[in-house]
Structures are given as C-alpha cells and as structure tokens.
Amino acid sequence: MAANATGRKKIALIGAGQIGGTLAMLCGTRKLGDVVLYDVVEGMPQGKALDLSHLAPVFGLDFKITGTNNIADIAGADVCVVTSGLPRKPGMSRDDLVKTNAEIVRNVAKGIKEHAPGALVIVITNPLDAMVYLMQKETGFPTNRVIGMAGVLDTARYQAFLAEELNVSVSSVSAFVLGGHGDDMVPVRSYTTCNGIPVGNLIKADRLDAIEKRVRGAGGEVVALLKTGSAFYSPAASAIQMVEAYLLDQRRVLAAAVMLNGEYGLKGVYLGVPIVMGKGGVEKVVEIELNADENKALHESADRVKQLLAIL
Ligand code: APR
C-alpha cells in the first residue's frame with residue numbers, strides 16, 4: 001500500500017456530505033491516517049476540512065486533512081470510501097435511488113481507477129448492493145478490493161435492539177445480518193447469541209419477529225424522523241470498522257457485501273455475507289450453514305438485487 005508525503009496512510013472520502021464529514025472526523029480521531037475529502041460542491045469539502053483541522057489540536061491529533069473539488073487529489077490513496085450520491089427522502093426505498101446514483105458512481109469510479117488504482121474501495125452509496133457491483137465493473141479492480149458496507153450496520157442495528165430488549169451491554173450481543181441492504185435483509189437468528197446463549201432461549205419468538213422487522217426497517221425509521229436525509233453516524237462508524245480491519249490487518253470477521261462466486265449457491269452478484277477482512281481486503285468468504293428459512297430468504301434477497309442489476 002502506498003504511503004503519502006507524511007508517511008501516514010491516505011484515506012480518500014468520495015462525497016463530503018453527512019456520511020463523508022462524519023467519516024473524516026472518525027478517521028482523524030481514530031488516528032487512521034491523512035484524509036482527502038472530495039465533493040463536487042464547491043467550498044463545502046474545503047470548509048469541512050478546515051473545521052476538522054482545528055479539532056486536531058484539541059485532541060492532540062497529527063493528521064492532515066484536505067478538502068477538494070479535484071478528483072486528482074485522491075492520488076495514491078490506500079482506501080477510498082464512496083458516499084457520493086443522493087440519500088433517501090421519507091417514503092422512498094433505497095432502490096428508488098438507483099438511476100441517479102448509478103450515474104454518480106460511474107463517474108467517480110473513473111476517477112478512482114485513474115488516480116487510486118491500488119486502493120481498497122468501500123462503497124456506501126445506495127442502493128448498496130447494486131452500486132458496489134457497478135463500482136467493481138467500472139473500475140475493473142479485483143473483487144477482493146471492492147466491498148460494500150451494509151452488513152456491519154445492519155448487524156449493529158440488530159445488536160442494539162437486542163441489547164435494549166435484554167437490558168445487557170451491546171458488547172455481549174453477537175449477531176449477523178446477511179443478504180441485500182434492503183427491506184428483505186436477513187437477520188440470522190440461528191447464529192445470534194448473548195455471549196454464546198442463543199437469543200431464541202432468552203427472547204420469545206414473536207418478540208424476536210418484531211425486533212427483526214424493526215431491524216429491516218431501521219434505516220427507513222431514521223429517514224422518517226430526519227425528513228431531510230438518511231442515517232449517517234452509524235453508517236460512517238460501520239465503514240470505519242472496515243477501514244480499520246484493512247489498514248490494521250485485523251482479519252476481522254464481519255458481514256459485508258462482496259461478489260459471490262458460487263458461495264451460498266450464488267454467483268456474479270454482490271450480497272452481504274460473513275467475510276474475513278484483513279490486509280488483502282476480502283481475505284475469505286465464510287460459508288455458514290443456514291436453516292431452510294434463512295437460506296430461502298437469502299436467495300430471495302439475491303433475486304431482488306439481480307432485478308436492480310437488470311435496470312443498470
Ligand atoms: N462526485 C462527488 N460527490 C458527489 C457527486 C459526484 N459526482 N454527486 C454528488 N456528490 C455528493 C453531494 O454533493 C453530497 O455532498 O455526495 C454527497 C452526499 O452527501 P449527502 O447528500 O449528505 O448524503 P449522505 O447522507 O452522506 O449519504 C450518501 O450513502 O447511505 C447512503 O443512501 C445514502 O446514497 C446515500 C449516500
């Protein structure tokens with residue numbers, strides 16, 4: 001991985017909106033490297049970068065942050081996190097964004113291919129599974145270096161609701177949400193535990209059904225409350241977990257949207273599954289045995305993603 005002039009890692013944030021700005025702050029405070037904040041809106045990335053550079057002395061952080069409207073400034077980035085594109089408005093599904101955001105993703109893919117050909121690319125733009133597929137096709141990067149952020153966030157939402165229900169620490173809940181990042185995502189109850197105790201032993205089935213329904217609609221619940229955009233703190237934090245896993249070679253097991261090549265009986269489609277993430281990006285797709293209902297739900301979710309790909 002290339003180092004930049006300071007010797008620190010270089011993280012390019014493509015899109016400096018709500019998620020991009022939060023990502024920039026988290027990159028700095030977690031000491032992950034220098035940040036380039038890129039957006040098409042003039043002045044905005046520069047303003048956010050200047051503001052964030054004044055946060056550095058408060059926390060004693062040495063990181064360089066640059067705001068720019070010139071994509072060439074991402075040159076040599078180790079990681080690109082892509083959030084460019086429109087967020088949802090109340091009443092919209094993530095899929096409603098497909099055409100507009102596809103144009104934007106095609107455009108930024110060209111810039112990443114030209115200026116940061118060695119980068120790991122993490123896509124957050126919705127509809128996620130279709131946009132990360134498009135990013136991989138347009139850049140032509142190997143599939144282990146183009147990953148979609150959704151599983152970490154969907155899993156975190158499941159963990160948060162379960163911890164609240166059980167009145168225990170969020171860190172005692174281990175969960176997995178697989179499938180597409182849409183209303184048909186698949187919370188995998190059979191692998192979800194409270195420190196090893198299956199949640200089904202602790203929470204009644206009808207209550208778990210209600211919690212899982214809320215997980216599937218959690219993004220929409222935030223949109224309905226905000227009215228002017230979609231969730232941004234938790235998506236940014238989730239992507240940061242992936243950036244850390246890569247830059248620090250953690251070999252962390254997490255759920256992410258990756259290109260499947262026969263795993264789970266699916267091929268040529270990006271979908272959320274458990275992976276090992278380390279310095280090689282997607283080091284491995286972890287295949288777990290699903291029960292019949294979970295397997296059916298995963299395949300139905302894949303069918304929905306394929307329908308979106310057909311539109312592209
Ligand atoms: N190149 C770079 N940036 C762009 C481009 C482009 N071609 N087109 C739009 N943008 C920028 C916008 O100017 C805006 O600043 O992308 C930014 C998106 O920021 P927000 O509108 O604040 O949206 P955000 O909440 O950050 O979500 C971004 O992630 O979770 C998904 O659904 C969400 O698709 C949305 C994306």
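Every heavy atom of this structure was used, including side-chain atoms; hydrogens, water molecules and symmetry mates were not. Every number for a ligand or one of its atoms is a count from 1 in the order of the listing. Sequence positions, counted from 1, serve as the residue numbers for this chain. None of the values given here were measured: they were computed from a predicted structure.
Residue, atom and distance of the protein heavy atom nearest to atom 6 (C) of ligand 1 are V40 CG1, 3.6 Å. Here the protein heavy atom with the shortest distance to atom 26 (O) of ligand 1 is I19 N, 2.9 Å. The closest protein non-hydrogen atom to atom 25 (O) of ligand 1 is Q18 CB, 3.6 Å. Of the protein's heavy atoms, N126 ND2, 3.0 Å lies nearest to atom 32 (O) of ligand 1. The protein heavy-atom contact nearest to atom 18 (C) of ligand 1 is G85 O, 3.3 Å.
Here the shortest heavy-atom distance to atom 10 (N) of ligand 1, taken over P45, S84, S230, G21, belongs to S84. Considering each of N101, I104, T83, the one bringing a non-hydrogen atom nearest atom 7 (N) of ligand 1 is I104. Here the shortest heavy-atom distance to atom 19 (O) of ligand 1, taken over G15, G17, G20, belongs to G17.
At least one heavy atom of P87 sits less than 4.0 Å from an atom of ligand 1.
Within 6.0 Å of NZ on K306 lie more than 12 heavy atoms contributed by other residues, nucleotides or ligands. At most 12 non-hydrogen atoms from other residues, nucleotides or ligands lie less than 6.0 angstrom from CZ of R30. The neighbour count for M25 CE, taken as heavy atoms of other residues, nucleotides or ligands under 6.0 Å away, does not exceed 12.
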### Task
Evaluate salt bridge (charged side-chain N to carboxylate O under 4.0 Å, His left out) for K296 paired with E300, printing each intermediate quantity in order.
CA-CA 6 Å; K296 184 166 170 268; E300 281 170 4; 3.3 Å; yes
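Side-chain heavy atoms closer than 4.5 Å link hydrophobic residues (I, L, V, M, F, W, Y) into clusters, and following such links, even through other members, never connects F176 to V215.
Under a 4.0 Å criterion applied to the non-hydrogen atoms of V108, ligand 1 contributes the atoms 1 (N). Residue-ligand proximity, V41 to ligand 1, at heavy-atom distances under 4.0 Å covers atoms 13 (O). Within ligand 1, the atoms closer than 4.0 Å to a non-hydrogen atom of Y38 are 1 (N), 2 (C), numbered from 1 in the order shown. Residue M44 has at least one heavy-atom neighbour below 4.0 Å for each of these atoms of ligand 1: 15 (O).
The salt bridge (charged side-chain N to carboxylate O under 4.0 Å, His left out) test with D34 singles out one residue from K10, K9, R8, and that residue is R8.
Where the criterion is an N or O separation shorter than 3.5 Å, residue side chain and backbone included, D39 meets it with respect to ligand 1. For ligand 1, none of its N or O atoms has an N or O atom of I14 under 3.5 Å away.
Ion pairing between E221 and R214 holds under the 4.0 Å rule for side-chain N and carboxylate O. Contact check on D39 versus K48 returns no salt bridge, with no Lys/Arg side-chain nitrogen under 4.0 Å from an Asp/Glu carboxylate oxygen.
Under the 4.5 Å side-chain criterion, counting only non-hydrogen atoms from C-beta, Y270 is in contact with V146.
For L86, every heavy-atom contact with ligand 1 shorter than 4.0 Å involves the backbone, none the side chain.
In this structure, the side chain to side chain contact (heavy atoms under 4.5 Å, CB included) partners of A72, at least two apart in sequence or on a different chain, are N70, H115.
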